[in-house]
**Student:** 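Would you mind keeping the following structure in view while I ask a few things?
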Amino acid sequence: MKRIYLDHSATTPVDPQAAELMMTYFLEYYGNPSSIHFFGRQVKKALEEARYQVASLINADPSEITFTSGGTEADNLAIQGAARARSGKGKHLITSAIEHHAVLDTFKYLAKNGYELTILPVDEEGIVSVDELKKAIRPDTILISIMHANNEVGSIQPAAEIGRITREKGIIFHVDAVQSLGKLPIDVKTMNADLLTVSSHKIYGPKGVGALYIRKGIKISPLVYGGSQERKLRSGTENTPGIIGFGKACELAGERMEEENRKLITQRDKLMNGIISRIGHVKINGPLGDKRLPGNVNVSINYIEGESLLLSLDMLGIAASSGSACTSGSLDPSHVLLAMGLSHEVAHGSLRLSLGRHNTDEDIDFVLEELPKIVDRLRMMSPLYHKAN
Amino acid sequence: MKRIYLDHSATTPVDPQAAELMMTYFLEYYGNPSSIHFFGRQVKKALEEARYQVASLINADPSEITFTSGGTEADNLAIQGAARARSGKGKHLITSAIEHHAVLDTFKYLAKNGYELTILPVDEEGIVSVDELKKAIRPDTILISIMHANNEVGSIQPAAEIGRITREKGIIFHVDAVQSLGKLPIDVKTMNADLLTVSSHKIYGPKGVGALYIRKGIKISPLVYGGSQERKLRSGTENTPGIIGFGKACELAGERMEEENRKLITQRDKLMNGIISRIGHVKINGPLGDKRLPGNVNVSINYIEGESLLLSLDMLGIAASSGSACTSGSLDPSHVLLAMGLSHEVAHGSLRLSLGRHNTDEDIDFVLEELPKIVDRLRMMSPLYHKAN
Amino acid sequence: MYSEKVIDHFTNPRNVGEIENANGIGQVGNAKCGDIMKITLDIKDDMIKNVKFKTFGCGAAVATSSMVTEMVKGKTLEEAMDVTNAAVAEALGGLPETKMHCSNLAADAVHAAIKDYLDKKIKV
Amino acid sequence: MYSEKVIDHFTNPRNVGEIENANGIGQVGNAKCGDIMKITLDIKDDMIKNVKFKTFGCGAAVATSSMVTEMVKGKTLEEAMDVTNAAVAEALGGLPETKMHCSNLAADAVHAAIKDYLDKKIKV
Ligand SMILES: Cc1ncc(COP(=O)(O)O)c(C=O)c1O
Ligand SMILES: Cc1ncc(COP(=O)(O)O)c(C=O)c1O
């Protein structure tokens with residue numbers, strides 16, 4: 001069976017060039033970068049080259065990049081680290097209702113441990129209001145974390161606008177840019193970001209690698225202690241092959257972004273329009289046009305449940321994702337869709353198709369051919385659906 | 001130039017079988033294990049297989065294994081996690097003076113944040129005294145962390161004996177087994193370990209992967225929050241290729257341990273005896289015989305400094321390590337050697353040669369031929385050395 | 001994740017639909033939780049002559065619904081009341097841990113339909 | 001890590017040894033820190049006729065020692081006093097950050113040796 005992968009927001013395959021490079025560092029250049037001998041020096045150099053590659057993609061200085069084990073750890077390092085380092089200055093934190101769990105759950109943990117938290121609502125397109133944010137700021141606000149682009153509905157947030165406000169007020173601004181890296185141009189300087197999270201496995205780099213941009217002069221506390229690697233901010237023997245693979249993936253993403261985005265936007269819009277025209281009782285979630293990530297399609301298909309939909313697609317070789325509670329192991333469907341005002345019932349029936357580098361126009365055609373049949377079949381089975389509707 | 005790697009305690013090359021397996025998971029089986037589609041289920045299965053492989057090497061149940069980004073993170077998760085989860089029961093912690101920085105610095109961080117810490121001394125062989133440990137235990141002692149084998153001098157600690165005491169007293173016992181995994185038989189049950197740290201890159205697995213054994217029923221707090229992976233103890237998209245590579249490395253290590261150890265012990269003793277017989281004014285650091293890790297040689301060479309020695313060896317293609325302060329970026333030489341009673345001067349002149357799977361007898365011969373010449377040359381240059389000595 | 005039997009019942013669900021003049025109707029779950037099962041029964045002489053289901057829910061919800069219809073068809077009401085959610089899960093070769101709680105309500109739906117039948121009979 | 005010049009001076013150190021009847025002897029550093037440099041001078045007519053070093057220490061310590069002997073040999077005492085640790089590091093094409101502090105003391109050792117010579121002269 002031909003398999004069509006439409007879950008690139010969850011993770012991506014590793015680029016073959018990056019994978020090949022990593023092989024060399026597994027087998028040949030395997031030294032510990034802390035070692036002063038040949039094996040160590042060799043890999044130390046490659047580590048610094050990777051730091052430069054990651055920094056370049058977000059217009060940072062290499063010395064501002066701290067490697068971590070992924071986006072989740074980078075988010076935690078940013079939020080726990082900044083909150084701890086600044087706790088003397090205040091205890092108030094601000095984030096939005098549509099953040100990834102790596103951000104939201106970290107804030108909730110802090111809120112249970114002496115901090116105060118404001119969670120900003122979003123509009124029906126899944127975008128944080130700058131006015132609401134302004135109103136939420138207090139004299140004791142020390143940290144604001146707003147994602148650059150949402151992983152479920154692809155909504156792009158007004159990061160630069162928020163950065164202007166936080167910089168003016170001297171509040172630390174953390175941006176979770178896991179979903180936008182390599183897809184939107186990122187400039188930490190014009191964005192006025194103080195901390196910015198990126199992750200490798202969303203941009204055709206290996207899993208288990210990420211980085212936190214820490215603007216020069218910003219002090220944060222580490223999460224783990226030990227051998228003082230990464231300027232003491234992230235102890236532990238560096239995952240050098242992973243980091244080097246991530247560096248390569250960043251380089252490639254930078255080179256290909258423009259061309260790739262043109263393709264992704266065309267395919268995305270074809271897919272969205274096709275679904276709307278072929279299936280009744282559906283609703284696109286998230287904004288349209290250039291406020292949306294290039295590869296993101298998210299649609300609620302009324303009267304049916306997401307996991308059933310995913311299973312049915314999977315049987316045809318189509319890999320997708322859903323905001324259904326059944327796919328997350330939790331009891332509630334996607335907190336993002338609920339925050340955008342969707343009912344539980346409709347949120348359960350959401351489908352995310354996230355396009356990537358290797359998807360072809362034929363993939364889109366196939367989905368558009370098969371999806372209506374699946375929806376029909378599931379609706380016939382649904383007690384909520386009445387033909388008359 | 002032929003290069004001889006004698007720094008296996010710092011890190012190892014990845015086994016080609018493990019590396020090849022990882023390639024498949026980079027390029028083909030790249031799904032996110034949380035996804036319910038084919039790509040996700042496929043890799044989820046492999047992830048659980050790896051968990052089984054790691055568990056098997058230490059006689060644990062797979063459900064007791066939590067994957068982390070390495071030994072350092074596992075040590076931090078164990079120590080910070082247990083201390084936080086048990087802080088209601090007491091604030092007293094015990095460790096030893098020869099622990100890895102991942103343990104020692106984590107305890108020191110806790111000691112600055114409301115906990116009380118006892119650091120046990122060691123004898124001149126680098127072994128913790130069980131009597132001292134018994135004396136240090138207080139009614140409010142909640143956690144004791146003692147390594148299984150030391151990374152610098154190879155001294156094996158009386159872990160099982162300590163485990164008997166802690167289990168009896170209801171104190172959590174954490175064991176850093178990073179250096180002993182795959183080299184000594186580990187049985188978490190007979191050791192009475194509650195928490196046990198292992199790391200992949202020391203046993204021919206990839207860097208950036210480790211695991212914490214958490215005995216069934218033991219509660220610890222997480223370090224990072226997010227997507228609830230690893231039963232909520234370690235959120236973040238799993239580094240599946242890395243974990244699968246680690247699993248394979250564990251399987252291979254288990255199969256080869258006995259045969260490999262025979263080889264390593266022979267080579268180790270040849271190297272130690274050769275150094276003693278060819279070079280004057282030297283002292284073996286750490287115990288002899290079966291209280292020492294199979295592949296570890298550590299020797300103080302009086303009147304010369306470690307980094308000079310390493311550089312000279314490196315020029316001949318020999319990669320080694322030293323307890324010299326100059327190689328660690330700190331001002332003091334190895335805290336392990338100092339704790340064993342060595343003077344600063346002698347500690348600065350220490351050399352660690354750690355043997356591994358691919359070292360040949362010719363490698364040993366070459367070192368034994370070249371090392372005396374280097375020592376001679378450096379001693380001739382040293383103001384501390386007087387021929388008359 | 002799912003056993004082969006679950007996938008089979010999900011892919012080829014038995015007895016989908018609604019019996020037009022059903023004399024026993026049961027519905028459990030709610031859309032908020034993401035699982036609704038509706039069972040319609042045709043009961044005659046204390047015997048389930050026919051049974052159909054409609055389900056909004058995940059794979060497990062559909063499969064348990066389908067399985068339960070097979071298990072109770074032709075059975076007496078008493079026999080049908082003895083079919084438990086656990087028995088349905090077992091007949092499917094087991095369900096993933098997380099599905100045992102929410103999506104395994106098909107027997108409840110059957111029981112509700114039987115109760116509906118009995119309630120209406122008493123009223124008459 | 002180290003520049004080529006550092007490696008060259010470490011591998012082929014110039015002027016290693018001790019001058020037997022040196023009239024200026026300087027030693028700086030201590031074994032606790034891991035760096036000791038000992039400079040012996042043969043001074044005549046305010047001029048460094050010959051200079052030798054012995055060093056216990058890391059690569060940088062050996063290289064700076066070797067380099068400084070080259071830099072002061074044949075110089076007047078005043079000229080030699082003007083040679084700084086920084087100048088030695090620079091002549092070696094720079095040193096790693098961490099080495100600038102501890103291991104870059106060779107010029108100090110020369111200055112100590114000159115001071116020793118001057119002190120003894122005054123006493124005489
Ligand atoms: C917006 C966002 N933040 C954080 C993360 C977490 O990153 P990682 O999977 O590398 O831990 C993800 C993806 O899972 C994400 O989409
Ligand atoms: C005894 C010991 N504990 C912990 C660690 C840290 O493990 P990792 O390098 O995987 O972070 C090491 C090695 O560096 C070690 O030797």
Side-chain angles (χ1 to χ4, degrees), chain A residues 3 5 7 10-14 16 19 22-23 26-28 30-32 34-40 69-73 75-76 100-102 105-106 108-109 199 201 206-209 223-228 235-242 307 310-311 313-314 317 319-321 327 329, chain B residues 3 5 7 10-14 16 19 22-23 26-28 30-32 34-40 69-73 75-76 100-102 105-106 108-109 199 201 206-209 223-228 235-242 307 310-311 313-314 317 319-321 327 329:
Chain A
R3 298 218 168 251
Y5 187 74
D7 203 9
T11 194
T12 59
V14 176
M22 289 172 72
M23 269 309 249
F26 285 145
L27 302 173
E28 275 182 68
Y30 53 80
N32 188 319
S34 299
S35 301
I36 68 164
H37 51 61
F38 173 78
F39 293 86
S69 69
T72 297
E73 192 196 337
D75 279 341
N76 275 265
H100 190 271
H101 282 294
D105 291 9
T106 305
K108 285 179 181 166
Y109 159 72
S199 179
H201 73 102
K207 291 175 178 58
V209 191
L223 288 175
V224 304
Y225 296 83
S228 304
S235 289
T237 301
E238 300 89 338
N239 176 359
T240 40
E307 197 212 73
L310 294 193
L311 281 181
L313 286 166
D314 186 52
S321 140
T327 66
Chain B
R3 297 216 169 253
Y5 187 74
D7 203 7
T11 194
T12 58
V14 176
M22 290 175 72
M23 268 311 248
F26 285 146
L27 302 173
E28 276 182 67
Y30 53 80
N32 188 318
S34 299
S35 302
I36 67 163
H37 50 62
F38 174 77
F39 293 87
S69 69
T72 297
E73 192 196 336
D75 280 339
N76 275 264
H100 190 270
H101 281 294
D105 291 10
T106 305
K108 286 179 182 167
Y109 158 72
S199 178
H201 72 101
K207 292 176 176 60
V209 191
L223 289 175
V224 303
Y225 296 84
S228 303
S235 288
T237 301
E238 299 90 338
N239 176 2
T240 41
E307 197 212 75
L310 294 193
L311 281 181
L313 287 166
D314 186 52
S321 143
T327 65

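Protein chains get the first letters and strands the later ones, always in sequence-line order, with residue 1 at the start of each. Atoms considered below: every heavy atom in the structure, side chains included; atoms not considered: hydrogens, waters and symmetry mates.
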**Student:** Check each atom of B/Tyr109 against the heavy atoms of chain A and say whether the ones under 4.5 Å are side chain, backbone, both or neither.
**Tutor:** side chain
**Student:** Relative to chain A, which segment of B/Phe39 carries a heavy atom at a distance below 4.5 Å: side chain, backbone, both, or neither?
**Tutor:** side chain
**Student:** Given a strict heavy-atom distance threshold of 4.5 Å, which part of B/Glu238 is in contact with chain A: side chain, backbone, both, or neither?
**Tutor:** backbone
**Student:** Where does B/Ser321 contact chain A at under 4.5 Å (heavy atoms): side chain, backbone, both or neither?
**Tutor:**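 No part of B/Ser321 comes within 4.5 Å of chain A.
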**Student:** Sort B/Asn239 into side chain, backbone, both or neither according to what part of it lies under 4.5 angstrom from a heavy atom of chain A.
**Tutor:**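 Interface part for B/Asn239: both.
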**Student:** Chain B: which of A/Asn76, A/Thr106, A/Asp75 shares the most heavy-atom pairs with it under 4.5 Å?
**Tutor:** A/Asn76
**Student:** Taking all non-hydrogen atoms of both residues into account, name the closest pair between B/Ala19 and A/Leu27 and its distance.
**Tutor:** CB-CD2, 3.8 Å
**Student:** As an exercise: rank B/Thr11, B/Thr240, B/Val209 by heavy-atom pairs under 4.5 Å with chain A and give me the winner.
**Tutor:**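 Going by pairs under 4.5 Å, I would pick B/Thr11.
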**Student:** Tell me, for B/Asp7 versus chain A, whether the close heavy atoms (under 4.5 Å) come from the side chain, the backbone, both or neither.
**Tutor:**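 For B/Asp7, the contact with chain A is made by the side chain alone.
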**Student:** For A/Gly70, does its backbone N or O pair with a side-chain atom of A/Lys207 as donor and acceptor, under 3.5 Å?
**Tutor:** no
**Student:** Please give me the minimum heavy-atom distance between A/His37 and B/Ala320, naming the atom from each residue.
**Tutor:** CD2-O, 3.1 Å
**Student:** If you take all heavy atoms of B/Met22 and B/Pro241, which pair is closest and at what distance?
**Tutor:**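 Nearest pair, atom of B/Met22 first, then B/Pro241: CG-O, 3.2 Å.
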**Student:** Quick check for you: to the nearest 0.5 Å, what is the distance between B/His201 atom NE2 and A/Asn32 atom CG?
**Tutor:**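 Reported to 0.5 Å precision, the distance equals 6.5 Å.
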**Student:** Working to the nearest 0.5 Å, report the span between CD of B/Glu73 and CG of A/Leu223.
**Tutor:**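 Nearest 0.5 Å value for the CD-CG distance: 9.0 Å.
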**Student:** Using a cut-off of under 4.5 Å on heavy-atom pairs, state which of B/Thr12, B/Asp314, B/Thr237 scores highest against chain A.
**Tutor:** B/Asp314
**Student:** Which pair of heavy atoms, one from B/Ile36 and one from A/Glu307, lies closest together, and at what distance?
**Tutor:**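 In terms of heavy atoms, the two residues are closest at CD1-CG, 3.4 Å.
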**Student:** Picking from A/Ser69, A/Pro13, A/Gly208, A/Ala102, which has the most non-hydrogen pairs under 4.5 angstrom with chain B?
**Tutor:** A/Pro13
**Student:** Name the member of A/Gly227, A/Ser228, A/Gly236 that forms the most heavy-atom pairs with chain B at distances under 4.5 Å.
**Tutor:** A/Gly236
**Student:** If we define contacts as heavy-atom pairs under 4.5 Å, which of A/Val224, A/Leu311, A/Leu313 has the most with chain B?
**Tutor:** A/Val224
**Student:** Is there a donor-acceptor contact under 3.5 Å from the side chain of B/Ser235 to the main chain of B/Gly226?
**Tutor:**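 Answer holds: yes.
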**Student:** Give, for atom CZ of B/Phe26 and atom CE of A/Met23, the distance between the pair rounded to the nearest 0.5 Å.
**Tutor:**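 The distance works out to 9.0 Å.
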**Student:** Side chain, backbone, both or neither: which part of A/Asp105 has an atom under 4.5 Å from a heavy atom of chain B?
**Tutor:** both
